[in-house]
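Heads up: numbering here begins at 1 and tracks the sequence.
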Amino acid sequence: ADKARPALEAGKASKAVGLAEAAVAGSPRDAGFRALLGQAYLNDGRFASASAALTEAMELGASDSNTILSLTLSQIAQGKNAEAIALLTRHRDTVPASDLGLALALAGDAEGSLYVLGQAARVEGAEARTRQNFALALALSGRWAQARIVASQDLSLDKLEGRMAEWSKLAEQPHAQVRVPGLAGTGAQQDA
């Protein structure tokens, strides 16, 4: 596990999978190792395996936001949006609002996403990341003018144009994922 985490952070998902599998084999009841394996599978585009490992991690007691978000992303990648929304709803007090709102947007719950992120973005001292997630959720729901206004609070004009172009491409992809800090957003590849 100590070797799998750095491999995962370095973008070496296949290597991380092998190392995390070895950690789980050595300690099969360790929820943290199962969660690490699930995140490695997610980063490697093995979404069904990620869902299985992350579900097992939660059954073993993992209840941290990264595990919940990783499971959510693996479900979204498999087109299981209703399951993802239900999972997020059950754990809405655990997952930070910025991540919760963005995950809801990715799962297709535009109104829920905009509500959560709108509230979080209006809190005094809200971070730029929260506002940018709100702007992205607005863009994904087709509210481009509002997205531009919110995004412009934290970006220079040249960066704003680049961000809007990125979001436009993302919005055209039917099963797009976004990188959530601590998690990898990957394409729509699934386990064979």
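- Although no hydrogens or angles enter the test, the distance criterion places a donor-acceptor pair under 3.5 Å between the side chain of T72 and the main chain of I68.
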Apply side chain to side chain contact (heavy atoms under 4.5 Å, CB included) to the pair W167 and L140, showing each step before the final yes or no. CA-CA 8 Å; W167 291 348; L140 291 175; over 6 Å; no
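- In this structure S98 satisfies the side-chain hydrogen bond (donor to acceptor under 3.5 Å, both in side chains) test together with N133, sequence neighbours excluded.
- Taking hydrophobic clusters as Ile, Leu, Val, Met, Phe, Trp and Tyr residues chained together by side-chain heavy-atom distances below 4.5 Å, F134 does not share a cluster with L104.
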Report all side-chain donor-acceptor pairs from residues 12-26 shorter than 3.5 Å, counting only partners two or more places apart or in another chain.
residue	atom	partner	partner atom	Å
S14	OG	D44	OD1	3.2
E21	OE2	Y41	OH	2.6

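- For R143, the salt bridge (Lys or Arg N to Asp or Glu O under 4.0 Å) partners are E111, not counting sequence neighbours.
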Anything under 3.5 Å between a donor and an acceptor, one on a side chain of residues 117-125, the other on a protein residue two or more places apart or in another chain? List them.
residue	atom	partner	partner atom	Å
R122	NH1	G118	O	2.8

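- Note on V150 and L170: separate hydrophobic clusters, where clusters join Ile, Leu, Val, Met, Phe, Trp and Tyr whose side-chain heavy atoms are under 4.5 Å apart, directly or indirectly.
- Evaluation of the side-chain hydrogen bond (donor to acceptor under 3.5 Å, both in side chains) test over residues 84-95, restricted to residues two or more places apart or in two chains, returns none.
- Interatomic distance, CH2 of W144 versus CE of M164, reported as 5.5 Å (0.5 Å rounding).
- Here CG of L42 is found 7.0 Å from CG of L54. Values are rounded to the nearest 0.5 Å.
- Heavy atoms from other residues, nucleotides or ligands lying under 6.0 Å from CG of D2 number 12 at most.
- For residues 48-64, every residue pair satisfying the salt bridge (Lys or Arg N to Asp or Glu O under 4.0 Å) rule, not counting sequence neighbours, is listed here: R34-E56.
- Side-chain N or O atoms of S70 include one that pairs as donor or acceptor with a backbone N or O of N66 at under 3.5 Å.
- Clustering of Ile, Leu, Val, Met, Phe, Trp and Tyr by side-chain heavy atoms under 4.5 Å joins L8 with L36.
- Residues D30 and L60 fail the side-chain proximity criterion, which asks for heavy atoms closer than 4.5 Å.
- Here the CG-OG distance, from L102 to S113, works out to 7.0 Å after rounding to the nearest 0.5 Å.
- Residues forming a side chain to side chain contact (heavy atoms under 4.5 Å, CB included) with P6 (at least two apart in sequence, or on another chain): none.
- Residues L160 and L138 do not share a hydrophobic cluster, clusters being chains of Ile/Leu/Val/Met/Phe/Trp/Tyr side chains in contact below 4.5 Å.
- Taking the side-chain hydrogen bond (donor to acceptor under 3.5 Å, both in side chains) definition, one finds that S51 meets it with S74, Q78, sequence neighbours left out.
- The two residues A103 and I76 have their closest heavy-atom pair at O-CD1, 3.8 Å.
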N/O donor-acceptor pairs under 3.5 Å from side chains in residues 80-87, not counting sequence neighbours:
residue	atom	partner	partner atom	Å
N81	ND2	A107	O	3.1

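- In this view, R163 satisfies the salt bridge (Lys or Arg N to Asp or Glu O under 4.0 Å) rule with no residue, not counting sequence neighbours.
- Rounding to the nearest 0.5 Å gives a distance of 10.0 Å between CG of L155 and CZ of R131.
- Listed by chain and residue number, R148 satisfy the side-chain hydrogen bond (donor to acceptor under 3.5 Å, both in side chains) test with E161 (two or more places apart in sequence, or in another chain).
- Atom CG of residue D99 and atom CG of residue L69 lie 5.0 Å apart, to the nearest 0.5 angstrom.
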